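Notes follow the structure.
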Amino acid sequence: MALAIISPGRDVRLWIENFKELDPEIDIQVYPEITDPEKVEAVALWNHPKGMLSDFPNLKLICSMGAGVDHILSDNSIQKDIPITRIIDDKLTTSMTNYVVMGVLNYHRQINRYQEDQKNKVWDMSNPEIPVTVGIMGVGELGGDIAEKLQQLRFDVVGYGNTHKENMKYPYFFGDEIHKFLSKINILVCMLPLTPKTEGILNLNLFRKCNKNTYLVNVARGKHLVEEDLLEAIDEGYISGALLDVFQKEPLPEEHPFWNKNEITITPHIASVTNPKAAAPQIIENYHRIKKSQPFINQINPKRGY
Ligand SMILES: NC(=O)c1ccc[n+]([C@@H]2O[C@H](COP(=O)([O-])OP(=O)(O)OC[C@H]3O[C@@H](n4cnc5c(N)ncnc54)[C@H](O)[C@@H]3O)[C@@H](O)[C@H]2O)c1
Ligand SMILES: O=C(O)[C@H](O)COP(=O)(O)O
């Protein structure tokens with residue numbers, strides 16, 4: 001029995017170290033040096049080469065090394081009955097919440113304006129705060145925590161999801177109520193999983209339903225955003241600017257218009273990077289559950305796509 005790590009281009013030494021600390025006997029095989037594919041019963045994946053899982057005839061478990069599973073489900077060759085798990089972890093959640101809170105505070109307290117003023121030695125005390133109501137699309141593990149922490153900071157929060165939810169601590173809309181949701185907010189945070197239903201959801205049609213000057217924070221996936229539509233929505237005044245951590249193509253190509261757009265702030269997919277020490281125990285626990293035939297933790301529903 002072996003666990004294969006397939007995460008091309010990333011340094012996986014910390015993952016190996018933590019897996020071995022938790023299970024000193026474990027047989028770990030690391031792509032591309034996988035010597036015994038028939039021994040592999042579980043794989044830990046981050047952006048694996050599509051189609052390669054058919055190399056493992058005894059595969060029983062697929063583990064995402066991050067929160068998202070879109071990188072796995074987009075591989076049409078995977079066997080539909082093999083369980084897929086993902087990472088749910090406090091460190092990942094806190095890191096994401098801190099990033100979004102930073103984006104909201106920077107916008108609310110206009111840090112860009114004061115940086116510009118400082119360059120020009122301008123002392124302007126007028127209108128020091130932009131009033132904000134933050135709308136969060138996708139109030140799951142990450143979006144739910146962002147909402148809670150923003151409320152603790154006394155921000156008004158509105159949630160949007162795809163199912164009815166009871167006892168929400170903030171106004172919540174779902175499904176075709178998107179128009180109502182957008183009408184209440186002036187910061188839009190996308191925290192959705194990437195699925196066939198959410199791909200391209202941040203498009204001109206949606207932006208034109210927003211209040212004028214809505215600020216966008218996209219920390220979910222690049223494919224949620226139709227990038228040319230964002231530029232158009234900024235020109236039309238529906239979107240005042242954006243904080244973007246994820247892009248259609250990563251790394252963002254040098255010639256991309258976002259780099260030189262003053263209204264857009266770019267970070268290189270670092271909003272919340274999985275911490276191997278924090279995430280390894282749940283992968284090892286699931287690996288051991290194969291032998292014990294126990295239900296896996298943090299298993300996703302491939303039909304839903306998250
Ligand atoms: N930028 C980063 O560094 C980074 C880090 C971690 C996660 N992510 C992204 O964040 C995503 C969300 O993570 P999570 O752990 O909160 O996921 P989650 O599954 O816990 O929550 C997703 C929420 O979105 C809702 N949802 C799904 N489809 C919807 C739809 N069509 N319309 C409205 N709501 C819908 C679900 O009901 C759920 O509440 C991940 O899938 C990943 O893509 C990005
Ligand atoms: O870099 C990572 O590990 C990821 O960004 C973490 O979460 P994700 O898998 O959902 O993006």
Side-chain angles (χ1 to χ4, degrees), residues 47 66-71 73-74 96-97 99-104 106-107 112 132-143 146-147 158-162 173-176 178-179 181-273 305-306:
N47 289 333
V69 290
D70 46 294
H71 60 108
L73 295 174
S74 58
M96 179 57 84
T97 295
Y99 180 99
V100 174
V101 168
M102 168 199 73
V104 169
N106 281 350
Y107 185 70
N112 290 350
V132 295
T133 300
V134 186
I136 303 168
M137 297 179 90
V139 281
E141 286 295 329
L142 302 179
I146 293 166
V158 183
Y160 174 77
N162 55 351
F173 299 91
F174 71 101
D176 60 12
I178 185 94
H179 202 299
F181 163 74
L182 294 172
S183 74
K184 306 225 172 303
I185 64 170
N186 66 343
I187 295 187
L188 174 61
V189 177
C190 179
M191 200 67 267
L192 292 164
L194 183 66
T195 68
K197 281 197 187 137
T198 64
E199 181 162 352
I201 195 167
L202 302 173
N203 58 41
L204 196 54
N205 186 29
L206 177 139
F207 294 142
R208 284 180 176 154
K209 291 184 184 129
C210 291
N211 287 310
K212 285 270 173 143
N213 289 318
T214 291
Y215 188 72
L216 172 70
V217 178
N218 187 18
V219 272
R221 283 289 180 265
K223 286 191 173 143
H224 286 124
L225 175 65
V226 181
E227 293 181 337
E228 59 275 26
D229 285 9
L230 173 62
L231 296 171
E232 178 71 36
I234 291 174
D235 289 346
E236 290 182 10
Y238 288 97
I239 300 293
S240 57
L243 170 62
L244 305 177
D245 184 57
V246 286
F247 302 88
Q248 289 272 351
K249 187 156 193 265
E250 296 176 5
L252 188 64
E254 229 173 86
E255 65 284 2
H256 200 288
F258 283 177
W259 285 115
N260 296 320
K261 189 84 180 162
N262 277 339
E263 294 87 345
I264 295 179
T265 303
I266 289 167
T267 56
H269 201 145
I270 49 71
S272 181
V273 178
Y306 62 96

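Note that the structure is predicted; figures quoted are calculated from it, not measured.
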| I146 and V101: CA distance, side-chain angles, deciding distance, side chain to side chain contact (heavy atoms under 4.5 Å, CB included) verdict | CA-CA 7 Å; I146 293 166; V101 168; 5.6 Å; no
| request: Test side chain to side chain contact (heavy atoms under 4.5 Å, CB included) on M191 and V219 and set out the steps. | output: CA-CA 6 Å; M191 200 67 267; V219 272; 3.7 Å; yes
| message | Between V226 and L204, does the side chain to side chain contact (heavy atoms under 4.5 Å, CB included) criterion hold? Intermediate values first, please. | response | CA-CA 8 Å; V226 181; L204 196 54; over 6 Å; no
| Stepwise side chain to side chain contact (heavy atoms under 4.5 Å, CB included) check, V134 with V100 | CA-CA 10 Å; V134 186; V100 174; 5.7 Å; no
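If you take CG on L243 and OG1 on T267, they are separated by 5.5 Å, rounding to the nearest 0.5 Å. Atom OG1 in T133 sits 5.5 Å away from atom CG in N186 (nearest 0.5 Å). Between the CG atom in L142 and the CD1 atom in I136 there is a gap of 10.5 Å [rounded to 0.5 Å]. The distance from the CG atom of D229 to the CG atom of L202 is 10.0 Å, given to the nearest 0.5 Å. Note that CG of N203 is 10.0 Å distant from CZ of R208, once rounded to the nearest 0.5 Å. Interatomic distance, Q248 CD to E228 CD, rounded to the nearest 0.5 Å: 8.0 Å.
Applying the ring pair (Phe, Tyr, Trp, His ring centres under 6.0 Å) test to every pair with at least one member in residues 237-264, sequence neighbours left out, gives these pairs: H256-F258. Among residues at least two apart or in separate chains, ring pair (Phe, Tyr, Trp, His ring centres under 6.0 Å) pairs with a member in residues 192-216 are Y107-Y215.
A 4.5 Å side-chain heavy-atom check between T214 and L182 finds every atom pair outside the cut-off. Counting only heavy atoms from C-beta outward, the side chains of D70 and K223 never approach each other to under 4.5 Å. A 4.5 Å side-chain heavy-atom check between L231 and E227 finds every atom pair outside the cut-off. A 4.5 Å side-chain heavy-atom check between K261 and L230 finds every atom pair outside the cut-off. Side-chain contact between M137 and I178 is present, with at least one heavy-atom pair separated by less than 4.5 Å. The closest side-chain heavy-atom distance from L244 to L252 is not below 4.5 Å.
In this structure, K212 places its NZ atom where more than 12 heavy-atom neighbours from other residues, nucleotides or ligands lie under 6.0 Å away. Within 6.0 Å of the CG atom in D235, the count of heavy atoms belonging to other residues, nucleotides or ligands exceeds 12.
In this structure, the side chain of N162 does not engage the main chain of G175 through any donor-acceptor pair within 3.5 Å.
Between C210 and I239, the shortest heavy-atom contact is SG-CD1, 4.5 Å. Of all the heavy atoms in H224 and L194, the pair that sits closest is NE2-CA, 3.5 Å. Considering every non-hydrogen atom in both R221 and V246, the closest pair reads C-CG2, 3.4 Å.
With 3.5 Å as the limit, one finds no donor-acceptor pair spanning the side chains of Y306 and T198.
In this view, N218 satisfies the side-chain hydrogen bond (donor to acceptor under 3.5 Å, both in side chains) rule with no residue, not counting sequence neighbours.
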